[in-house]
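Before any comments, here is the structure.
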Amino acid sequence: MSETVFIDGKFYPKEKAKISVFDHGLLYGDGVFEGIRLYSRCVFRLREHLERLFSSAKYIALKIPLTIDELTWATVETCRRNGLKDGYIRLVVTRGEGDLGLSPLLCKKPSVVLIASKVKLYPEAAYRDGLKIITVPTQRMSVAALSPRVKSCNYLNNILAKLEGLNSGVNEALMLNDHGYVVECTGDNIFVVKGKKVLTPPTALGALQGITRNCIIDIAREMGFDVREEPFTRFEIFDADECFMTGTAAEVVPVVNLDARPVGNGRPGRVTKRLNRRFREIVSSDGTSLDQPLPRPKRLSRVW
Ligand code: PMP
C-alpha cells in the first residue's frame, strides 16, 4: 500500500505529497511538530501530544487552524488510511507560505501535515546491552534564547550535538546547559537511578517535557520510587546505579557508559528493566483506538 499523507485537509499519495518552497517551515524552520506512536492500533497519549503541540504553537504565536478534535480525527484517519497497526506519526504545523522576509505576519495560513510510517531509532543491541554516550561541546540552547520546551521545526542545536556524538563513534550525546547542568540527550530525556531515588532534570533547565518522561515519572512513583525533577551534573550520572533515556521514538533505552566510563556496573539496570516492562504494558492498553468511530469534521475542507 502506498503511503498516504495528510496536507491541509486532504490526503495525498506519498509521491504527490508536496508543500511550497515558500513555506516558512522550509525557509526558516518556522513551525512546530510532534512525534507520536501508534501501538496495536491505538495512538498513545494523543491528547497529551496535541496539548503540547498547541503550547509550542502558542509560544511562537502560531495559530493552528484546526481544533484538537479535528486534529484527533486527522491523526486517526491518516493511520487508518496507511493500514498501520504499529507505527510512528509525524504531525507538523508550519507557518505556511510567505515571502522571502522573516515576518510571519505576511504568511497566508499555517500548513498542517501528518505522516504515518515506521521508525527505528537505535539498533536492537542498544535495548539489550545499553548505549554508550558522550557529553558533547554543543550546549543545549539557552531557555532565554528559544525555550527548548518548544518542539519547534528548528532542531539544529540537537542535530549539531548528534553529529558530534556520531563523529566520535557513539549513537547518542548528552547535552548540558550553560551552567554545566545535565539537560537531555539530543532527542530524548534522561534519568538516573540511585537506590530508591529517580532523578530527571526539570524542564526549566531546558529539557523538553517528554510524554514518555511524564509516563515514566508516573510509573516510578506508582512503584514507590522517590522521583525528583531536580538539577544535577555529570557527577550524579557517574555516581548513579543506573541511567536511561526516554522518548517517543526511542522508548526506554539503558545508558551504560558515559564519556568512556561505565555507569553503574556497565550493564542495563534492574530498575530500568522494571520501568520498561511496565511502560510496555501501558502502551499496549492506553490510547485513542483507530477502531473507534470518529465523525469526519465538517469544517475541515473549508479551512484552506
Ligand atoms: N527531548 C527532545 C529534544 C526531543 O526531541 C524529544 C522527542 N523526541 C524528547 C526529549 C522526548 O519527548 P517525548 O517522550 O515526548 O517523545
Side-chain angles (χ1 to χ4, degrees), residues 29 31-39 43-57 59-60 75 87-93 115 117-122 126 131 133 135-136 138-143 145-165 171-177 181-192 198-220 227 229 243-253 255 272 275-276 278-280 282-283 286-287:
V32 291
F33 78 98
E34 281 295 316
I36 310 166
R37 273 279 181 145
L38 176 72
Y39 291 104
V43 187
F44 184 59
R45 307 238 158 141
L46 178 56
R47 179 105 201 166
E48 256 183 76
H49 280 285
L50 294 178
E51 282 170 359
R52 186 172 68 183
L53 181 79
F54 274 85
S55 300
S56 294
Y59 176 83
I60 66 161
T75 308
Y88 179 79
I89 303 149
R90 174 56 54 91
L91 167 52
V92 188
V93 185
I115 304 166
S117 188
K118 296 271 179 192
V119 76
K120 190 167 170 37
L121 225 55
Y122 302 114
L131 264 190
I133 65 174
T135 312
V136 287
T138 293
Q139 293 173 348
R140 196 73 179 99
M141 67 198 169
S142 150
V143 291
L146 170 63
S147 173
R149 291 193 59 178
V150 175
K151 221 168 151 47
S152 89
C153 290
N154 199 316
Y155 254 52
L156 275 177
N157 180 230
N158 315 57
I159 290 166
L160 291 179
K162 178 93 181 178
L163 200 56
E164 286 165 349
N171 244 329
E172 195 40 82
L174 180 69
M175 301 182 78
L176 310 180
N177 71 5
Y181 287 108
V182 168
V183 179
E184 58 185 343
C185 293
T186 66
D188 300 306
N189 292 112
I190 189 147
F191 286 77
V192 292
V198 174
L199 289 183
T200 193
T203 55
L205 285 193
L208 185 76
Q209 180 137 27
I211 309 289
T212 324
R213 175 186 182 274
N214 290 349
C215 187
I216 290 293
I217 289 175
D218 292 347
I219 294 173
V227 183
E229 296 176 60
C243 177
F244 62 90
M245 304 181 322
T246 64
T248 294
E251 304 176 304
V252 178
V253 194
V255 172
T272 307
L275 294 170
N276 190 30
R278 181 74 191 119
F279 176 70
R280 302 232 63 85
I282 290 176
V283 296
D286 174 350

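Whatever order the structure lists ligands and atoms in, that order sets their numbers, starting from 1.
- For atom 12 (O) of ligand 1, the closest heavy atom belonging to the protein is Gly210 CA, 3.3 Å.
- For a threshold of 3.5 Å applied to N or O pairs, the pair formed by Thr248 and ligand 1 contains at least one separation below that value.
- The shortest separation from a heavy atom of Thr186 to ligand 1 is under 4.0 Å, placing the residue in contact.
- At the shortest separation from atom 7 (C) of ligand 1 among protein heavy atoms lies Lys151 NZ, 3.3 Å.
- Proximity of Glu34 to ligand 1 is not established, as no heavy-atom distance is less than 4.0 Å.
- Heavy atoms of Leu208 found under 4.0 angstrom from ligand 1 belong exclusively to the side chain.
- Note: Ser152 OG to Leu208 CG = 10.5 Å, rounded to the nearest 0.5 Å.
- Electrostatic pairing of Glu184 and Arg140 counts as a salt bridge here, judged by a charged N lying under 4.0 Å from a carboxylate O.
- Taking every non-hydrogen atom of Gly247 and a distance limit under 4.0 Å, the qualifying atoms of ligand 1 come out as 11 (C), 14 (O), 16 (O).
- A donor and an acceptor atom, one from each side chain of Glu229 and Thr200, are nowhere located under 3.5 Å apart.
- Donor-acceptor pairing under 3.5 Å is lacking for the side chains of Arg52 and Gln209.
- Between Gly187 and ligand 1 there is a heavy-atom distance shorter than 4.0 Å.
- Here Thr212 contributes atom OG1 and Ile217 contributes atom CD1; the two are 11.0 Å apart, rounded to the nearest 0.5 Å.
- Applying the ring pair (Phe, Tyr, Trp, His ring centres under 6.0 Å) rule to Tyr155 yields the partners Phe33; only residues at least two apart in sequence or on another chain are considered.
- A distance of 11.0 Å separates OG in Ser55 from CG in Leu50, rounded to the nearest 0.5 Å.
- Applying the 4.0 Å criterion to heavy atoms of Asn158 picks out, from ligand 1, the atoms 3 (C).
- Residue nearest to atom 11 (C) of ligand 1, selected from Asn189, Thr203, Thr212: Asn189 (by heavy-atom distance).
- Nearest non-hydrogen protein atom to atom 1 (N) of ligand 1 is Glu184 OE1, 2.6 Å.
- Backbone and side-chain nitrogen or oxygen atoms of Gln209 are examined, and none is located within less than 3.5 angstrom of a nitrogen or oxygen of ligand 1.
- Remark: the Glu251 side chain and the Thr246 side chain contain no N/O donor-acceptor pair separated by less than 3.5 Å.
- Atoms CG and CD1, from Leu174 and Ile133 in turn, are 5.0 Å apart once rounded to the nearest 0.5 Å.
- At least one heavy atom of Arg52 sits under 4.0 Å from some atom of ligand 1.
- Using cut-offs of 30° and 60° for the angle between ring planes, the Tyr39 and Phe279 rings count as perpendicular.
- Of the polar atoms of His49, none of the N or O atoms is found under 3.5 Å from an N or O of ligand 1, judged by distance alone.
- For atom 5 (O) of ligand 1, the nearest non-hydrogen atom of the protein is Tyr155 OH, 2.5 Å.
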